[in-house]
Amino acid sequence: KVEELEKSLEISKNKYYEKRISILEKELSVHPLDKKSNLELAQILAEKKDYDSSLVVLNKLLNAYPSDEELLYKYAIVCLASGDLSTAYEKAEILINKNPDNKDYQLLFGQLSTWLNIDPQKAKLNLEKVLSKEPSNYSSLSTLALLLIQNNELSDAEKYLGRLSQLNSR
């Protein structure tokens, strides 16, 4: 029964997506650079795991609005979801340089820097900034622990792993 329900939900979701895509494409044929419609289309395409098409939509918007941080962030997130960590890192680096106090940018930059093993000190600094704003941020704690393990700073890593363990036991 659970499998049938999941299959039914998946079919319903796909029908909804196809209907929304059709509506959005009609809207965009009249107003091709409408940000809200393009963002919704890009989001739906990404949720359907059609990352290439999602990136085409976002790239079109970025060409029209090159300094728009929201678009750049969404582009980086879709690149991350598609497995293109290098491009996601490039966008995250632009974002962190434009707005170094943004917690989402700090987290994204810190994670990508850690996973790609680029500039560990800057990664650590940004992840610690996230934790100063949100001490229980699971993503920041786990990435910081990984970074410290990669750098053989095991006693510091234990401290963050302990905090993660406390969060998991709640």
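Here the structure is a predicted model, which means the values were calculated and not measured.
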For this session: Could you grab the distance from atom CG of L41 to atom CD of Q43, nearest 0.5 Å is fine?
Result: 10.5 Å
Exercise. Looking only at heavy atoms, which two atoms of A42 and V57 are closest? And how far apart?
Worked result: CB-CG1, 4.0 Å
Exercise. Taking it one step at a time, do S113 and D119 satisfy side chain to side chain contact (heavy atoms under 4.5 Å, CB included)?
Worked result: CA-CA 6 Å; S113 298; D119 199 350; 5.5 Å; no
Problem set entry | Test item: N151 side-chain N/O and L147 main-chain N/O as donor-acceptor pair under 3.5 Å | yes
For this session: Output yes when a side-chain donor or acceptor of S29 lies under 3.5 Å from a complementary backbone atom of K26, and no otherwise.
Result: yes
For this session: May I have the step-by-step check of side chain to side chain contact (heavy atoms under 4.5 Å, CB included) for Y73 and N99, ending in yes or no?
Result: CA-CA 11 Å; Y73 181 74; N99 193 345; over 6 Å; no
Problem set entry | Exam field: side chain K133 to backbone D101, donor-acceptor pair closer than 3.5 Å | yes
For this session: Evaluate the criterion side chain to side chain contact (heavy atoms under 4.5 Å, CB included) for residue pair E70 and K74; output intermediate values, then yes/no.
Result: CA-CA 6 Å; E70 178 187 14; K74 293 210 184 283; 3.7 Å; yes
Seminar exercise, completed: One should read off an interatomic distance between S136 OG and L141 CG, to the nearest 0.5 angstrom, of 7.0 Å
Problem set entry | Donor-acceptor contact below 3.5 Å, side chain K48 vs main chain E18 | no
Exercise. Salt-bridged, E10 to K13, with N to O below 4.0 Å?
Worked result: yes
Exercise. Is S82 reaching over with its side chain to a backbone N or O of C79, donor-acceptor style, under 3.5 angstrom?
Worked result: yes
Exercise. How long is the gap from CG on L144 to CD1 on I149, to the nearest 0.5 Å?
Worked result: 10.0 Å
For this session: Only one of N38, L39, I77 passes side-chain contact (heavy atoms from CB on, under 4.5 Å) with L58; say which it is.
Result: L39
Exercise. Which pair of non-hydrogen atoms, one from Q111 and one from L127, has the smallest distance, and what is that distance?
Worked result: N-CD2, 4.2 Å
Exercise. Minimum heavy-atom separation for Q106 to N126, with atom names?
Worked result: CG-OD1, 3.4 Å
Exercise. Do L108 and I96 belong together in a cluster built from hydrophobic side chains that touch within less than 4.5 Å?
Worked result: yes
Exercise. Roughly how far, to the nearest 0.5 Å, is OG1 of T114 from CG of L148?
Worked result: 9.0 Å
For this session: Check step by step if side chain to side chain contact (heavy atoms under 4.5 Å, CB included) holds for I94 and L72.
Result: CA-CA 9 Å; I94 292 168; L72 203 53; 3.4 Å; yes
Problem set entry | L125 reachable from L95 in the ILVMFWY side-chain graph, under 4.5 Å edges | no
For this session: Return the minimal non-hydrogen interatomic distance between A76 and A88, and the atom names on each side.
Result: O-CB, 3.4 Å
Exercise. Is Y89 reachable from L146 through a run of hydrophobic residues whose side-chain heavy atoms are each under 4.5 Å from the next?
Worked result: yes
Exercise. If you look at every heavy atom in P135 and R163, which pair is closest and at what distance?
Worked result: O-NH2, 2.8 Å
For this session: Compute both the distance and the angle, then confirm whether K91 meets the cation-pi test with Y75: under 6.0 Å from the six-membered ring centre, within 45 degrees of the axis.
Result: yes
Exercise. Is it true that K124 and E153 make a salt bridge, defined as a side-chain N closer than 4.0 Å to a carboxylate O?
Worked result: yes
Exercise. Hey, is the main chain of L161 close enough, under 3.5 Å, to the side chain of S165 for a donor-acceptor pair?
Worked result: no
For this session: Output yes when a side-chain donor or acceptor of S142 lies under 3.5 Å from a complementary backbone atom of S139, and no otherwise.
Result: yes
Exercise. If you group Ile, Leu, Val, Met, Phe, Trp and Tyr by side-chain heavy-atom gaps below 4.5 Å, do L164 and L154 land in one group?
Worked result: yes
For this session: For a side-chain contact (heavy atoms from CB on, under 4.5 Å) with L107, tell me which candidate from N102, N137, L131 qualifies.
Result: N137
Exercise. Where is the tightest heavy-atom contact between L62 and D68, given as atom of each residue plus distance?
Worked result: CD2-O, 4.2 Å
Exercise. Looking at side-chain heavy atoms only, is the closest gap between K98 and Y105 below 4.5 Å?
Worked result: no
Problem set entry | Atom pair CG/CD of D34 and E40 - distance to nearest 0.5 Å | 10.0 Å
Exercise. Any Lys/Arg nitrogen of K122 or E93 sitting under 4.0 Å from an Asp/Glu carboxylate oxygen of the other?
Worked result: no
Exercise. Any link between Y65 and L28 through a network of hydrophobic side chains (Ile, Leu, Val, Met, Phe, Trp, Tyr) touching at under 4.5 Å?
Worked result: no
Problem set entry | S12 side-chain N/O to S8 backbone N/O, donor-acceptor pair under 3.5 Å | yes
Exercise. Just wondering, do K60 and N63 contact through their side chains at under 4.5 Å, heavy atoms?
Worked result: no
Problem set entry | Reported NZ-to-CD distance for the pair K103 and E134, which is rounded to 0.5 angstrom | 3.5 Å
